[in-house]
Amino acid sequence: MATPHTGDIRVGVIGAGIMGADHARQLRAWVPGAVPAMIADIDAVRAATVADELGARSTDDAEALIADPGVDAILIASHDSTHADLCRAAVRANKPVLCEKPLAPSLAESAELLRDVGDGAGLISLGFMRRFDPGYVELKRTVHSGEVGLPLVLHCVSRGVTSGPGATSESSVTGSSIHDLDIVPWLLDSPVVEAAWLAGRQSRENTTLQDPQVILLRTADGVLTTVETYLNARYGYDVRCEAVCETGTVSVAEPSPVVTDRSLSRGIVYAADWRPRFAEAYRRELTAWIGAVATGAQNTALATARDGLVASAVAEAVITSMHSGGAFVPVSVPTITES
């Protein structure tokens with residue numbers, strides 16, 4: 001991390017779309033000591049709209065935002081393809097950065113970024129917010145407590161209402177499954193050593209990608225994990241995780257805190273996207289990041305640039321399997337030396 005700051009942390013948010021605007025609002029409403037000071041987006045009108053709502057300045061030039069003396073820290077929520085270059089610019093400016101996942105669209109680009117920034121990688125935190133979700137935190141605590149014996153199998157499910165424009169089978173892995181590729185080794189405290197990609201019947205709701213997909217992960221501790229990713233499940237945003245252990249199971253609870261009984265039925269209401277489901281996780285993540293920026297200390301709960309590189313390595317193994325008949329592919333994390 002950079003040197004400690006006094007006073008409020010003035011955050012520049014790059015990307016004024018769904019995620020960037022939500023982060024800026026969360027910073028304003030929920031994170032003590034943080035001020036969304038400037039919003040950047042290639043769409044100047046969109047940037048200005050969000051900035052006006054929050055009393056911030058706006059620009060259509062992300063590099064200008066990073067260089068601005070009125071910005072202390074950078075939050076990147078722009079298109080995946082921009083992440084690596086914007087992280088480089090933030091490190092050059094010696095400003096802490098929280099970058100939404102993925103670190104870069106490919107393993108090669110992620111490795112190149114880490115080689116380029118060298119020790120400056122410590123300025124980069126990555127937005128794997130599930131590490132802050134109360135359900136996942138409690139699941140990890142229970143698994144490691146020994147209360148239900150050793151974990152044997154993990155089952156992960158990530159379902160959405162509809163995929164974004166231009167989604168492909170590969171981007172489903174790097175843009176959605178990537179959360180599971182990070183959270184599984186985090187939950188088990190064991191790295192993924194091999195991965196396989198499988199698919200069965202394709203949903204007729206979307207023909208531009210294989211949907212759903214099933215990923216198999218094997219961690220160094222011998223645990224096998226299934227990851228179902230279904231972007232066009234239609235019925236709602238639904239994330240599940242269950243650890244099957246020697247003497248019991250542990251599951252992340254259903255996303256809704258309320259069960260409704262009416263008209264001879266019982267049910268819950270699903271969110272339309274990820275924001276309501278992980279709102280508390282985002283708040284805790286942002287609070288941890290701002291706290292680290294303020295003190296100049298590394299918060300070990302935050303995902304690092306190295307964690308992003310490792311997740312990209314698992315994703316590459318999955319995509320290699322996708323194009324290799326579903327065979328298990330070893331995960332190979334590049335060795336990074338400073339350029």
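Each residue takes its place number in the sequence, starting with 1. As the structure is a computational prediction, the values presented were derived from the model and not from experiment.
- Residue Tyr270 is not grouped with residue Trp274 when hydrophobic side chains (ILVMFWY) are merged at heavy-atom distances under 4.5 angstrom, including chains of intermediate members.
- Residues that satisfy the side chain to side chain contact (heavy atoms under 4.5 Å, CB included) test with Thr49, not counting sequence neighbours, are Val45.
- Val329 forms part of no hydrophobic cluster, judged by ILVMFWY side-chain heavy-atom separations under 4.5 Å.
- For Arg266, the salt bridge (charged side-chain N to carboxylate O under 4.0 Å, His left out) test picks out Asp261, with sequence neighbours left out.
- Sequence neighbours left out, the pairs with a member in residues 145-167 that pass salt bridge (charged side-chain N to carboxylate O under 4.0 Å, His left out) are Arg141-Glu147, Arg159-Glu228, Arg159-Asp238.
- No hydrogens or angles considered: nothing links the side chains of Thr59 and Asp61 as a donor-acceptor pair under 3.5 Å.
- Looking only at distances, no side-chain donor or acceptor of Ser321 sits under 3.5 Å from a matching main-chain atom of Phe328.
- Between Asp68 and Arg10 there is no salt bridge, since no side-chain nitrogen of the basic residue lies less than 4.0 Å from a carboxylate oxygen of the acidic one.
- With respect to Lys101 and Asp80, no salt bridge is recorded, no charged nitrogen being found less than 4.0 Å from a carboxylate O.
- Expressed to the nearest 0.5 Å, how far SG of Cys99 lies from CD1 of Ile76 amounts to 4.5 Å.
- Using modelled atom types and a 3.5 Å distance limit, the side chains of Ser78 and Thr82 yield a donor-acceptor pair.
- To the nearest 0.5 Å, atom OG of residue Ser106 and atom CD of residue Glu112 are 8.5 Å apart.
- Taking both residues in full, the closest heavy atoms of Cys156 and Thr225 are given as SG-CG2, 4.0 Å, listed atom of the first, atom of the second, then distance.
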If you apply the rule side-chain hydrogen bond (donor to acceptor under 3.5 Å, both in side chains), what do you find for Ser171 with Thr168, and how did you get there?
CA-CA 5 Å; Ser171 70; Thr168 65; 3.3 Å; yes
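- Membership of an apolar cluster is not assigned to Val35, as no side-chain contact below 4.5 Å to another ILVMFWY residue is traced.
- A salt bridge links Arg88 with Asp85: the distance from a Lys NZ or Arg NE/NH1/NH2 to an Asp or Glu carboxylate oxygen falls below 4.0 Å.
- The hydrophobic cluster containing Val239 also contains Val137, counting ILVMFWY residues as joined when their side-chain heavy atoms lie under 4.5 angstrom apart, directly or transitively.
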Test salt bridge (Lys or Arg N to Asp or Glu O under 4.0 Å) on Asp133 and Arg277; report intermediate values, then the result.
CA-CA 9 Å; Asp133 179 74; Arg277 167 63 183 85; 2.9 Å; yes
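- Listed by first and then second residue, the ring-ring contact (aromatic ring centres under 6.0 Å, His included) pairs involving residues 7-39 are His23-Tyr282 (not counting sequence neighbours).
- The environment of CG in Leu216 is crowded: more than 12 heavy-atom neighbours from other residues, nucleotides or ligands sit within 6.0 Å.
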